[in-house]
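Values below: all heavy atoms of this structure, side chains included; hydrogens, waters and symmetry mates excluded. Convention: sequence-line order gives letters A, B, ...; per-chain numbering from 1. From a predicted model like this one, the values you see are computed outputs, not experimental measurements.
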Protein chains: 2
Amino acid sequence: MNAAAIRRCLEGSGLRCTPQRYAVMAFLAECNRHPTAAEIFDAVNRMDPRSSRATTYNNLRDLVQAGLVREVAVEGRAARFDAKGMRHHHFICDRCGNVEDVEWYDVPRPASGTLGKRILRECELIFRGLCTKCAPRHAWR
Amino acid sequence: MNAAAIRRCLEGSGLRCTPQRYAVMAFLAECNRHPTAAEIFDAVNRMDPRSSRATTYNNLRDLVQAGLVREVAVEGRAARFDAKGMRHHHFICDRCGNVEDVEWYDVPRPASGTLGKRILRECELIFRGLCTKCAPRHAWR
DNA sequence: TTTCACATTAGAAATATTCTAAGGTCCTCA
DNA sequence: TGAGGACCTTAGAATATTTCTAATGTGAAA
């Protein structure tokens, strides 16, 4: 996602394209891990040491609300974030806790009646097991 | 899950069945919401006002590690917990954030190659949308 | 140039979770 | 029966994460 696209995203959502917001979006766009707010702040702060932790938190909240960034549903102490690029599922390692992207595929919708009167918007998969670093070699098949 | 079953679970996992652990397990077994650690502590503390917040946190961590309790993968500030009863999926409301159980059904495994060399243990679904309280009435179909 | 709405800042405050040292509990063993 | 030891709890301190607040900054529009 290049600079112009980031700007269009932000302004299309009614948010100003400030240097601080741009830095958060740019970092998330090229980060294929799922960083915590502290990691995002550290990265943004290295680029501009005057930037404030509160601004990074404020911007993350605004970007999530605007639908430009998504908070990843993982366990653990700190929230983790993901750029809203291509849709994908997640794989969470039982041992090291690492969260990895898995390419999207549509999941069959549940039988009618299962969700009752709820309105379904999205159906995300969370895979759990051992990642390639933690899986014993001989177990692969 | 009755008292004897709770005791068997705990001792089968190498953990003593202390009154504090029993209280956490009993609360989660009959709680069909997904309480935070603070909510669990409040409930346990109402039953025994001497019980300590650190004990509840310690016990939750131990119970999760022993596989008797699961931390629910949700966004937001505080961790939420679930008794490891029948397997189920979760529905998270976009508007109110409520987390509800959805009956389990097996999800088709991803195409071979999608997960590479990872070892899959479980595949959980997270549904998102509007819960029955937040969905407009006319939208139901 | 002024105004105004939105944004940032720095540090305080609140919330959530973990740490620590001391003491408690309960079972085993002599 | 009492000692010992492993595990557990406690209370408050400490740390980590997130939000709040009042003051200031920014930039586009008038």
Side-chain angles (χ1 to χ4, degrees), chain A residues 6-7 9-27 34-66 68-81 97 99, chain B residues 6-7 9-27 34-66 68-81 97 99:
Chain A
I6 289 176
R7 171 177 287 278
C9 275
L10 284 164
E11 293 178 348
S13 301
L15 299 171
R16 292 187 187 170
C17 183
T18 63
Q20 295 85 356
R21 284 190 181 133
Y22 179 87
V24 169
M25 297 282 287
F27 179 75
H34 303 81
T36 63
E39 289 164 343
I40 296 166
F41 169 66
D42 287 345
V44 164
N45 201 50
R46 270 197 295 281
M47 285 182 267
D48 177 4
R50 287 172 310 156
S51 68
S52 163
R53 181 183 308 277
T55 300
T56 298
Y57 274 90
N58 287 338
N59 282 336
L60 280 170
R61 185 195 61 234
D62 292 342
L63 294 169
V64 167
Q65 276 181 340
L68 303 183
V69 159
R70 110 181 16 98
E71 183 179 345
V72 184
V74 293
E75 304 90 6
R77 203 159 152 179
R80 291 187 171 273
F81 298 89
V99 182
Chain B
I6 290 177
R7 171 175 289 276
C9 274
L10 284 163
E11 292 179 348
S13 301
L15 299 171
R16 292 185 188 173
C17 184
T18 63
Q20 294 84 355
R21 285 191 182 133
Y22 180 88
V24 169
M25 296 280 287
F27 178 75
H34 303 80
T36 63
E39 289 165 340
I40 296 166
F41 169 65
D42 286 345
V44 163
N45 200 50
R46 269 197 295 280
M47 288 183 265
D48 178 3
R50 287 172 310 156
S51 68
S52 161
R53 181 182 309 277
T55 299
T56 297
Y57 275 87
N58 287 340
N59 282 336
L60 281 170
R61 186 195 60 232
D62 291 343
L63 294 168
V64 167
Q65 275 182 339
L68 303 181
V69 159
R70 99 175 35 89
E71 183 177 344
V72 183
V74 293
E75 305 89 7
R77 204 160 152 181
R80 291 186 171 274
F81 298 89
V99 183

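One finds the CE atom of A/M25 at 10.5 Å from the CG atom of A/L60 (value rounded to the nearest 0.5 Å). Within the model, atoms CG of B/L68 and CD1 of B/I6 stand 10.0 Å from one another, a figure rounded to the nearest 0.5 Å. A distance of 6.0 Å separates CD1 in A/I40 from CZ in A/F81, rounded to the nearest 0.5 Å. Atoms CG and OG, on B/D62 and B/S13 in that order, are 10.5 Å from each other to the nearest 0.5 Å. The structure places CZ of B/F27 at 7.0 Å from CZ of B/R46, a figure rounded to the nearest 0.5 Å.
At least one side-chain heavy atom of B/L63 sits less than 4.5 Å from a side-chain heavy atom of B/L15. By the 4.5 Å heavy-atom criterion applied to side chains, A/H34 and A/V74 are not counted as neighbours.
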Take A/Q20 and A/V24 through the test side-chain contact (heavy atoms from CB on, under 4.5 Å) and record every step on the way to the result. CA-CA 6 Å; A/Q20 295 85 356; A/V24 169; 6.0 Å; no
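Taking every nucleotide of DNA chain D with any atom under 4.0 Å from a non-hydrogen atom of chain A, the first and last of them, 5' to 3', are D/dT15 to D/dT26.
B/E39 is linked by a salt bridge (charged side-chain N to carboxylate O under 4.0 Å, His left out) to B/R33, B/R80, counting only residues two or more places apart in sequence or in another chain. With sequence neighbours left out, B/R53 forms a salt bridge (charged side-chain N to carboxylate O under 4.0 Å, His left out) with no residue at all.
Rounded to an integer number of Å, the gap from B/R16 CZ to C/dC27 P is 8 Å. Following rounding to the nearest Å, A/N45 (CG) and C/dT8 (P) show an atom-to-atom distance of 14 Å. Distance, B/R61 CZ to C/dT18 P: 7 Å, rounded to whole Å.
B/E71 places a side-chain N or O within donor-acceptor distance of the main-chain N or O of A/G76, the cut-off being under 3.5 Å. A/R21 contributes a side-chain N or O that, together with a main-chain N or O of A/R16, makes up a donor-acceptor pair within less than 3.5 Å.
Counting any heavy atom pair closer than 4.0 Å across all strands shown, B/A38 reaches no nucleic acid atom.
Using a 4.0 Å cut-off on heavy atoms, none of the residues of residues 20-27 of chain A approach DNA chain D. Near DNA chain C, meaning a heavy atom under 4.0 Å from it, residues 47-58 of chain B has B/R53, B/A54, B/Y57 in order of number.
Closest non-hydrogen pair, A/A37 versus A/T56, comes out as O-CG2, 4.2 Å.
When each of B/A37 and B/P19 is assigned the nucleotide of DNA chain C with its nearest heavy atom, B/A37 is the one assigned upstream, toward the 5' end.
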Would you tabulate the nitrogen or oxygen pairs shorter than 3.5 Å linking the protein to nucleotides 12-15 of chain C?
unit_1: C/dT15; atom_1: O4'; unit_2: B/R77; atom_2: NH2; d: 2.9

